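Proteins come first, then strands; the chains are lettered A, B, ... in the order of their sequence lines, and each starts at number 1. From a predicted model like this one, the values you see are computed outputs, not experimental measurements. Computation of the quantities below employed the complete heavy-atom set of this structure, encompassing side-chain atoms and omitting hydrogens, waters and symmetry-equivalent molecules.
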Amino acid sequence: MSTTTVEPTTVTLTLREALKQSLRDALIRDERVFLMGEDIGAYGGCFAVTMGLLDEFGPERIRDTPLSEVAIIGTAIGAAMNGMRPIAEIMTCNFSLLALDQIVNNAATLLHMSGGQFNVPVVIRTTAGAGKQLAAQHSHSFEPIFAHIPGIRVLSVATHEDARGVLCQALEDPDPVVLFEYPRIMTMEAEVPVEPAPVDLGSAAIRRAGSDVTLVTYGAIQHTVLEAAATLAKDGIDAEVIDLRSLRPLDDATVLASVARTHRAVVVEEPWRTLGVGAEVAARITEEAFYDLDAPVGRIASAEVPMPYAKHLEEAALPQVPAIVAAVHRVMHRG
Amino acid sequence: MTERPSHATELAPPPDVSREHGVHLLREMLRIRRFEERCVELYSAAKIRGFLHLYIGEEAIATGVMATLEEDDAVVSTYREHGHAIAKGIGMGPIMAEMFGKVDGVARGRGGSMHLFDAATRFYGGNAIVAGGIPLAVGVALADRMQGRDRVTVCFFGEGAVDEGAFHESINLASLWDVPVLFACENNRYSMGMALERAEAQTDLALKAASYAVPAWHVDGMDVLAVEEGTRRAITAIRGGGGPVFIEYETYRFRAHSMYDPDLYRDPAEVEAWKQRDPIPALIGTLKQLGHLDDVGVAALEAEVEAEIDEAVAFAEDAPLEPVEDLHRFVTSEVAP
């Protein structure tokens, strides 16, 4: 006699767990993959994403490094050029500036400068964003700095399903990938299917379908944008929310198709407004869909100040629901 | 290798050298010297543009180091890398074509003099960010070790790179992880116009390396046999699993930093004194003493080298330019490996 048990079809997990699952899958799937970074091993990762991996995979593949960002990234680049698939971690994107020389002058240039001879399949994980009262040297959002550079792919991962699939996709890329994660939402839980579905982070994702206005965003702030969309729905405004996910290259098609339906757009991002990804998206909408627009493209971003420590000031510097709602009202009342 | 800092070691005079090997070393040094002299002419004729950093005076190092390597060992170099590239075995034609900005150049004309690359000979590039290639070399070597390949990576850099944090971060990591890399520091005493003693509070560079628990020693970079001997000792140790070694090659560039440099910062008497130690006449003298070579032999070598350079220049002249339509190629890979 047999009994039938019903296997659960969904599982609840945090974003941190989803990222760890992605790293584990990558390490199991491909023996060329190894991790290197500060405190990723014995400590378990400064945001606990790599907790337990040292015990499971050993010190050859989970490599704790000294506080040497240039050496971490430069060594990962060299290993990538010579047959390995390193995943290098830089705790925060503020620290990544120490390694910017290696990322920009080596990782991004070597394939082109060598006439196509040396590709650099390195994955660089880092974090961005405020919200934990960590002040101006641990809270910034530098996605636009990296998205400015030809030769690297820049991905932003802020949902559980994306987190589970991100490294699989990043490691398939023969060229450098800079991956932004977000400490503010690491403990956020979601119910997802037990079996990870394939994801394509190269394309933008429509997080909420809507017909009245297109809200283009990426990263952790998209959860604030989704809140704003819920508020707008109560006002009778049906907002479409697009998560760009890939900041270089940009998925213009998804954005332009949405704007063609809604005729209005607001870009919302956590980095500073000047010369940001939002500025680029707004420019592309204006270039490619000017006659679809019923109003100028709106922009919401963080205040142009170094991120302050005090909670009320940090909140004031970040895009919040009321500001997003107000920006949408402005574009709805125009045109 | 358990041996720890022997930074003050001065090697004994080199032993005898066979005729065949001695002539090989001389030919390699002549190839580099004459190639670069021709580059100067071509620069004046505006066939070569951009920066051109000459290695003239330092040929013994590239030549002596390469004599100790296997074909599949890797090299990471700097913007003063013509000598390394030639000695590693990259054809002069594709190197010259690169300087001409032609598509048949080693990097399709995208890199020029400072950025020679050749995957076939495992030449990981001329890197023009001072010390920028050092962590990269650690990574190349680490990858060989992790994949169980018995290969060594030689990382060339000048003494100016020791000013940079990248050097210190990288040699420390290489030491911690026992990475099979030779840190080959070509100390030509000036980083552009900055004299070593004005840039470094501690001018014994091997001593700095030794502080990272890396075996380190000095080698006379003006004597190709000493270079070979001192390097072979390092390569043997590295290949035996002993981790990285640092060698400070004491040398001098006879020419200015680049074609733009009026060379106002060096005493002409100092330059003259170093020219007296030119490694090429020195080796010719040794080979003559040993009865391995005479003036006729030297002239024959010179003629052979000149013919090779003529051919390289003709190759570069005849090579086409890369079509402008290809400008965007290789920003990203065209096919997944």
Side-chain angles (χ1 to χ4, degrees), chain A residues 31-34 36 59-61 63-86 88 98-99 101-102 104-122 149-153 171-177 248-249, chain B residues 74 76 98 103 105-112 115-120 122-129 131-144 146-147 149 151 153 164-174 176-177 179 322 328-337:
Chain A
E31 62 180 17
R32 299 172 303 171
V33 172
F34 71 98
M36 58 187 292
E60 269 288 297
R61 299 186 73 195
R63 291 177 169 264
D64 274 323
T65 65
L67 310 186
S68 303
E69 284 79 6
V70 176
I72 293 167
I73 299 302
T75 299
I77 291 168
M81 292 168 79
N82 192 18
M84 298 300 286
R85 289 288 181 278
L98 292 161
D101 163 52
Q102 286 296 325
V104 177
N105 284 319
N106 278 342
T109 63
L110 284 167
L111 180 67
H112 194 265
M113 195 163 72
S114 69
Q117 293 183 79
F118 289 104
N119 64 304
V120 186
V122 66
I149 312 296
I152 52 179
R153 181 186 292 278
L171 287 162
E172 279 170 12
D173 198 314
D175 301 314
V177 175
R248 176 178 274 273
Chain B
V76 176
E98 185 61 30
V103 71
V106 288
R108 302 175 70 87
R110 277 109 178 270
H115 304 297
L116 305 175
F117 289 87
D118 186 44
R122 301 200 74 218
F123 194 83
Y124 283 85
N127 201 302
I129 304 296
I134 302 179
L136 198 143
V138 174
V140 169
L142 175 68
D144 278 332
M146 288 182 81
Q147 292 167 102
R149 294 189 292 244
R151 293 171 174 176
T153 298
E164 298 277 2
F167 165 76
H168 297 271
E169 291 190 9
S170 303
I171 193 169
N172 178 56
L173 194 67
L176 282 168
W177 289 358
V179 170
E322 182 169 25
H328 290 272
R329 286 188 69 189
F330 308 122
V331 174
T332 54
S333 292
E334 294 181 352
V335 285

Checking side chain to side chain contact (heavy atoms under 4.5 Å, CB included) for the pair A:Arg63/B:Leu142: CA distance, chi angles, key distance, verdict?
CA-CA 12 Å; A:Arg63 291 177 169 264; B:Leu142 175 68; 3.8 Å; yes
Yes or no on side chain to side chain contact (heavy atoms under 4.5 Å, CB included) for B:Leu136 and A:Leu110, after CA distance, side-chain angles and deciding distance?
CA-CA 11 Å; B:Leu136 198 143; A:Leu110 284 167; 3.8 Å; yes
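Within the 4.5 angstrom heavy-atom criterion, no atom of B:Leu116 approaches chain A. Heavy-atom distances place the side chain of B:Asn127, and not its backbone, under 4.5 Å from chain A. Neither the backbone nor the side chain of B:Phe167 comes within contact range of chain A; no heavy atom of the residue lies under 4.5 Å from a heavy atom of that chain. Only the backbone of B:Arg329 comes within less than 4.5 Å of a heavy atom in chain A; its side chain stays farther off. With a threshold of 4.5 angstrom between heavy atoms, A:Glu60 approaches chain B through its backbone and through its side chain.
Chain B forms the most heavy-atom pairs under 4.5 Å with one residue out of A:Gly116, A:Gly78, A:Pro176, and that residue is A:Gly78. Looking only at heavy-atom pairs under 4.5 Å with chain B, the residue among A:Leu98, A:Ile72, A:Ile77, A:Asp101 that has the most is A:Asp101.
For the pair B:Ser333/A:Leu111, a side-chain contact is recorded, criterion being any heavy-atom separation below 4.5 Å from C-beta on.
Note: B:Ile129 CD1 to A:Asn106 CG = 7.5 Å, rounded to the nearest 0.5 Å. If you take CE on A:Met36 and CH2 on B:Trp177, they are separated by 4.0 Å, rounding to the nearest 0.5 Å. Within the model, atoms OH of B:Tyr124 and OG of A:Ser114 stand 11.0 Å from one another, a figure rounded to the nearest 0.5 Å. The distance from atom CD of B:Glu334 to atom CG of A:Asn119, rounded to the nearest 0.5 Å, is 11.5 Å. Within the model, atoms OG1 of A:Thr75 and CD of B:Glu169 stand 9.0 Å from one another, a figure rounded to the nearest 0.5 Å. Atom CD of B:Gln147 and atom CG of A:Asn82 lie 6.0 Å apart (nearest 0.5 Å).
Across every non-hydrogen atom of B:Asp118 and A:Gln117, the tightest pair is CA-OE1, 3.3 Å. In terms of heavy atoms, A:Pro66 sits closest to B:Leu176 at CG-CD1, 3.7 Å.
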